[in-house]
Trainee: 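One structure, as C-alpha cells, below. Some questions next.
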2 protein chains.
Amino acid sequence: MTRLPRADAVRNRRLLLAAAADEFAERGLGASVADIARRAGVGKGTVFRHFATKDDLIAAILVDRMADLSERGEGLLDAGDAGDALYEFLTAAAEQRRERDLSFLAEASESMPEVARARDRLLKAIDALVARAAEQGAVRSDITGTDVLLLMCAPVYVAEAVPGAAPDLWRRYLAIIFDGLRPEAAHPLPAEAPRL
Amino acid sequence: MTRLPRADAVRNRRLLLAAAADEFAERGLGASVADIARRAGVGKGTVFRHFATKDDLIAAILVDRMADLSERGEGLLDAGDAGDALYEFLTAAAEQRRERDLSFLAEASESMPEVARARDRLLKAIDALVARAAEQGAVRSDITGTDVLLLMCAPVYVAEAVPGAAPDLWRRYLAIIFDGLRPEAAHPLPAEAPRL
DNA sequence: CACTAAACGGACCGGGCGGTCAACTTGCTA
DNA sequence: TAGCAAGTTGACCGCCCGGTCCGTTTAGTG
C-alpha cells in the first residue's frame with residue numbers, strides 16, 4: 001500500500017491553502033509565492049512541494065470554493081419554495097465572493113481538469129435548482145442553469161466597482177438581476193443559451 | 001507663446017495609444033511597455049516621453065474610451081422613446097467593451113483626476129438618460145444613473161466567462177438585466193443607491 | 001531508540017519587467 | 001538653409017518573480 005502522508009505535511013497543506021486565499025484576495029493575482037509561504041509560516045520550497053506550480057495552487061483553491069458552493073446548492077434542493085431556494089443560493093454565492101473576491105483566479109486555471117470537474121458538479125446543482133424554480137413559475141422557462149451560473153457572479157462584480165460602497169450593496173444588484181429572471185419577460189432573449 | 005508639439009510627436013502619441021489598447025486587450029494588464037513600443041513601431045524610450053509611467057498610459061486610454069461613450073450618450077438625449085434610447089446606449093457600451101475588453105485597466109488608474117473627470121461626464125449623460133426613461137415609465141424610478149453605469153458592464157462581463165461563446169451572447173444578458181430595471185418590480189431594492 | 005524516507009528551508013538562478021539616460025536624429029523657425 | 005530645441009532610441013539598471021536544488025530536520029516505524 002502507499003504510505004499515508006505525514007501529519008506535518010497535511011497541516012502545512014491546509015495552512016498554505018488558507019494563506020494563499022487570503023494573500024490572493026488582498027493582493028490579486030500578482031501575490032507572490034514567497035509572500036504566501038511567509039504568511040503560512042513555511043519555506044518557499046514547501047509551497048512547490050505541495051503544488052508544482054503557482055497555477056496548481058490557484059486551481060486547488062478554486063476547487064475547494066466550488067465544492068463548498070455545490071454542497072450548499074445540493075442542500076437547497078428539497079426546500080419548499082423553489083424560487084426562494086434559488087434566491088438563497090444566489091445570496092450564498094454572492095456572500096462567498098464578497099468575503100474574498102478570487103474571481104481573477106479563474107482565468108489562471110481554465111483548462112485544468114480538476115477545476116472543470118468541480119465546476120461540473122456545481123453546474124449540476126444549479127441546473128436542478130433552476131429547473132425546479134421554472135416548474136413552479138418562479139423564473140422564466142427559457143433560462144438555463146448555465147445562465148444562472150454566469151449571472152451569479154454579476155452582483156458582487158458590479159458592487160465591487162464602487163470604492164467605498166456599503167458592504168451589502170451587492171444585494172441591490174442581486175434584486176435587480178433576479179427580477180430580470182421573472183417569467184413575465186418584456187424582452188425576448190437574443191442569442192442562444194451558452195453551454196459550459 | 002508655447003511651441004506647438006512637433007508633427008511626428010503627435011503621430012507617435014496616436015500610434016502609441018492605439019497599439020497600447022490592442023496590446024492590453026490581447027495580453028491583459030501584464031502587457032509590457034516594450035511590446036507596446038514595438039507594436040507602435042517606436043522605441044521604448046518614446047513611450048515614457050509621452051506617458052511618464054505605464055499607469056499614465058493606461059489612464060489616457062481610459063479617458064479616450066469614456067469620452068467616446070459620453071458623446072454617444074449625449075447624442076441619444078433627444079431621441080423620442082427614452083426607454084429605447086437607454087437600451088441603445090447600453091448596447092453601445094456593451095459593444096465597445098466587447099470589441100476590446102479593457103475593464104481591468106480601471107483598477108490600475110483609479111484615483112487619477114483625469115479619469116475621474118471623464119467618468120463624471122459619462123455619469124452625467126447616463127443620469128439624464130435614466131431620468132428621462134423613468135419619467136416615461138420605461139424603468140423603475142428607484143434606480144439611479146450610477147446604478148446603470150455599474151450594471152452597464154455586467155452583460156459583457158458575464159458573457160466573457162464562456163470560452164467559445166457566440167460573439168453576441170452579451171445581448172442575452174443585457175435583455176435579462178434590462179428586464180430587471182422595469183417599473184413592475186417584484187423585489188424592493190435593498191441597500192441604498194451608491195454614489196460615484 | 002535507531003533508522004530512513006519524507007518533508008522542509010532558503011540560497012540561488014534565469015528571465016522579464018518598469019523606468020533611466022546620454023548619444024543621436026529631425027522637424028520647425030527665423 | 002543654418003541652428004537648435006524637441007524628439008527618438010536602445011542599451012542599461014535594479015528589482016522581483018516563479019521555480020530549482022540540495023543540505024538539514026523530523027515524523028513515523030520495527
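The chains referred to below are lettered A, B, ... by the order of the sequence lines, with proteins before strands, and numbering in each begins at 1. In this text, all values refer to a predicted model and were calculated from it rather than measured experimentally.
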Trainee: Does the side chain of B/T144 reach to within under 4.5 Å of the side chain of B/V148, using non-hydrogen atoms?
Mentor: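 Result no, sub-4.5 Å side-chain heavy-atom pair not found.
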Trainee: What is the separation between atom CZ on A/F51 and atom P on D/dT20, rounded to the nearest whole Å?
Mentor: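 Those two atoms, CZ and P, are 16 Å apart.
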Trainee: Rounding to an integer number of Å, can you tell me how far A/F48 CZ sits from D/dC17 P?
Mentor: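 About 11 Å, once rounded to whole Å.
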Trainee: Quickly work out the B/L15 CG to D/dG7 C1' distance and round it to whole Å.
Mentor: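 Between C1' of D/dG7 and CG of B/L15: 14 Å.
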Trainee: Have a look at B/T46 and say if it touches a base, only the backbone sugar-phosphate, or nothing, with a 4.0 Å heavy-atom cut-off.
Mentor: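 Base, at least one base atom sits under 4.0 Å.
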Trainee: Using whole Å, report how far CG of A/L4 lies from C1' of D/dT29.
Mentor: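 For the pair A/L4 CG and D/dT29 C1', the rounded distance is 13 Å.
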Trainee: Say whether, by atom type as modelled, one donor and one acceptor occur between the side chain of A/R171 and the main chain of A/T91 under 3.5 angstrom.
Mentor: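 Looks like no, no N/O pair under 3.5 Å.
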Trainee: Rounded to whole Å, how long is the line connecting atom CG of B/L16 with atom P of D/dG7?
Mentor: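 The answer, rounded to whole Å, is 14 Å.
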Trainee: What's B/A37 touching, base or sugar-phosphate or nothing? Going by heavy atoms closer than 4.0 Å.
Mentor: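 No contact at all - B/A37 keeps every heavy atom at 4.0 Å or more from the nucleic acid.
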Trainee: Flag yes if more than 12 heavy atoms outside B/E114 fall under 6.0 Å of its CD atom; otherwise flag no.
Mentor: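 For B/E114, atom CD is crowded (more than 12 foreign heavy atoms under 6.0 Å).
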Trainee: Where the side chain of B/R6 is defined as all heavy atoms beyond and including C-beta, which of D/dA27, D/dG10, D/dA6 is the nearest nucleotide?
Mentor: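 The listed nucleotide nearest to B/R6's side chain is D/dA6.
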Trainee: Roughly how many Å is it from CD1 in A/I36 to C1' in D/dC16, rounded to a whole number?
Mentor: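 So the CD1-C1' distance, A/I36 to D/dC16, works out to 15 Å.
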Trainee: Heavy-atom count check: over 12 atoms from other residues, nucleotides or ligands less than 6.0 Å from B/E107 CD?
Mentor: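 Not buried by this count: 12 neighbours or fewer within 6.0 Å.
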Trainee: Between the side chains of A/D55 and A/T53, does any donor sit under 3.5 Å from an acceptor?
Mentor: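 No, no side-chain donor-acceptor contact under 3.5 Å.
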Trainee: Measure the acute angle between the ring planes of A/Y157 and B/Y157, then classify it against the limits of 30° and 60° as parallel, tilted or perpendicular.
Mentor: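 Judged by the thresholds at 30° and 60°, the geometry between A/Y157 and B/Y157 is parallel.
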Trainee: Pick the nucleotide of DNA chain C nearest each of B/D8 and B/S32; which residue has the one closer to the 5' end?
Mentor: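 Final value for this comparison: B/S32.
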Trainee: Measure from CZ on A/F24 to C1' on D/dG18 and round the result to the nearest Å.
Mentor: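 Spelled out: CZ on A/F24 to C1' on D/dG18 is 12 Å.
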Trainee: If you count every heavy atom of other residues, nucleotides or ligands that lies below 6.0 Å from A/E99 atom CD, does the total exceed 12?
Mentor: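 Atom CD in A/E99 is not packed in, count stays at 12 or less.
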Trainee: Please identify the 5'-most and 3'-most nucleotides of DNA chain C with any atom under 4.0 angstrom from a heavy atom of chain B.
Mentor: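 Both ends considered, the range comes out as C/dC17 to C/dC28.
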Trainee: How close or far is atom P of D/dG10 from atom CG of B/N12, stated in whole angstroms?
Mentor: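 Computing the B/N12:CG to D/dG10:P distance gives 12 Å.
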